[in-house]
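Just follow the structure's listing: the first ligand is 1, and inside any ligand the first atom is 1.
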Amino acid sequence: MSPPTTVDAYVEAAERSGYVMGDDDVPVSLHPVSIDRDQGDVLRRTVLTEGAERTLETGMANGISTLYLCDGLQRNGLTGPRHVVLDPQQADQYHCAGLRAVRTLGLAGLVDFRPRDSSLELPRLVDEGRSIDLAFVDGDHRFQGVFADLHYLDRLVRLGGLVLVDDYDLPAVRDAIAYFTANLDWILEEVVHRIAVLRRPHRTCTPPWDAYVPFQAVTAAPSAAG
Ligand SMILES: C[S@@+](CC[C@H](N)C(=O)[O-])C[C@H]1O[C@@H](n2cnc3c(N)ncnc32)[C@H](O)[C@@H]1O
């Protein structure tokens, strides 16, 4: 059988077998790390509907989310390394399966991969003056990891841009998000297939130095589909 040439065919085959290939043909399990096809569709569709041109994700693992995000960019007619991907474990834990997947599907030219911890690399990108239209957060799922990602994305993602966060069912993820909606005017637009879709405000939000709105105890997802 010939190898899959589209993202949909690649992910369908991977889900059927339960694994993808890393370097040196090491099989790497999809579970429990990779997003599924429904979630991938959410990422791709959002890149398309937003007309996103510059994107970023934390947490590559097997690269399933990377494939869908890059597919969206390609369908938007874009080329060049405009999708920043951060993951310090790509080689050690995933045998470079994510990087292999983007090469296999001819999407490597869109990817600016950095094998770095997001809490160290995101501030560097801020310092470089980067601007991102849409980011996907799926790296360190501990509260402080998600919070750090969102903190730097508040400076990296353009005003009115989108931040999608996986695993909204996890209390640590929900609580981290709640700080930004309660204090920095981020809008939780919807939760689809456990992905929270957040929009940065269209105008700069700079609270007074002593402002603080308690943000804990978000218990239910609005319009939780999937
Ligand atoms: C749930 S998996 C990501 C799955 C991937 N988005 C997909 O759909 O296939 C989480 C990934 O985050 C990475 N990770 C953990 N801490 C990180 C951090 N501080 N910065 C960037 N990536 C991190 C792990 O190495 C792992 O690959």
Would Asp23 and Arg103 count as a salt bridge (Lys or Arg N to Asp or Glu O under 4.0 Å) here? Give the steps. CA-CA 11 Å; Asp23 279 350; Arg103 276 198 314 273; 3.4 Å; yes

Which residue and heavy atom of the protein sit nearest [atom], plus the separation:
| atom | value |
| --- | --- |
| atom 10 (C) of ligand 1 | Asp138 O, 3.2 Å |
| atom 1 (C) of ligand 1 | Val33 O, 3.3 Å |
| atom 17 (C) of ligand 1 | Asp140 N, 3.6 Å |
| atom 20 (N) of ligand 1 | Ser118 N, 2.9 Å |

Nearest heavy atom to [atom]: which of [options] does it belong to?
| atom | options | answer |
| --- | --- | --- |
| atom 8 (O) of ligand 1 | Ile35, Leu69, Leu30, Asp117 | Ile35 |
| atom 27 (O) of ligand 1 | Asp149, Ile64, Val11, Asp87 | Asp87 |
| atom 7 (C) of ligand 1 | Gly59, Gly63, Ser65 | Ser65 |

Heavy-atom check, side chain of [X] versus side chain of [Y], under 4.5 Å:
| X | Y | answer |
| --- | --- | --- |
| Leu110 | Arg82 | yes |
| Phe113 | Val102 | no |
| Cys70 | His83 | yes |
| Leu162 | Glu189 | yes |

Hey, could you give me the CG/OG1 distance between Leu184 and Thr204, rounded to the nearest 0.5 Å?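 So the CG of Leu184 and the OG1 of Thr204 are separated by 11.5 Å.
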
Distance in Å, Thr181 OG1 paired with Arg174 CZ, rounded so as to fall on 0.5 Å steps: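 Going from the OG1 atom of Thr181 to the CZ atom of Arg174 covers 12.0 Å.
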
Yes or no: does Pro88 have any heavy atom under 4.0 Å from an atom of ligand 1?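 Within the 4.0 Å threshold, so yes.
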
Could you check whether any heavy atom of Met60 sits closer than 4.0 Å to an atom of ligand 1, since that is the contact criterion I want to use?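 A heavy atom of Met60 does come that close to ligand 1.
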
Contact atoms of ligand 1, heavy-atom distance to [X] under 4.0 Å:
| X | value |
| --- | --- |
| Ala61 | 2 (S), 3 (C), 4 (C), 27 (O) |
| Gln89 | 25 (O) |
| Leu86 | 21 (C), 22 (N) |
| Tyr94 | 25 (O), 26 (C), 27 (O) |

With no hydrogens and no angle check, do the side chains of Thr6 and Asp8 hold a donor and an acceptor under 3.5 Å apart?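 Absent: no donor and acceptor within the cut-off.
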
Ignoring hydrogens, what is the shortest heavy-atom contact between Leu30 and Asn62? Give both atom names and the distance.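 Result for this residue pair: CA-ND2, 3.6 Å.
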
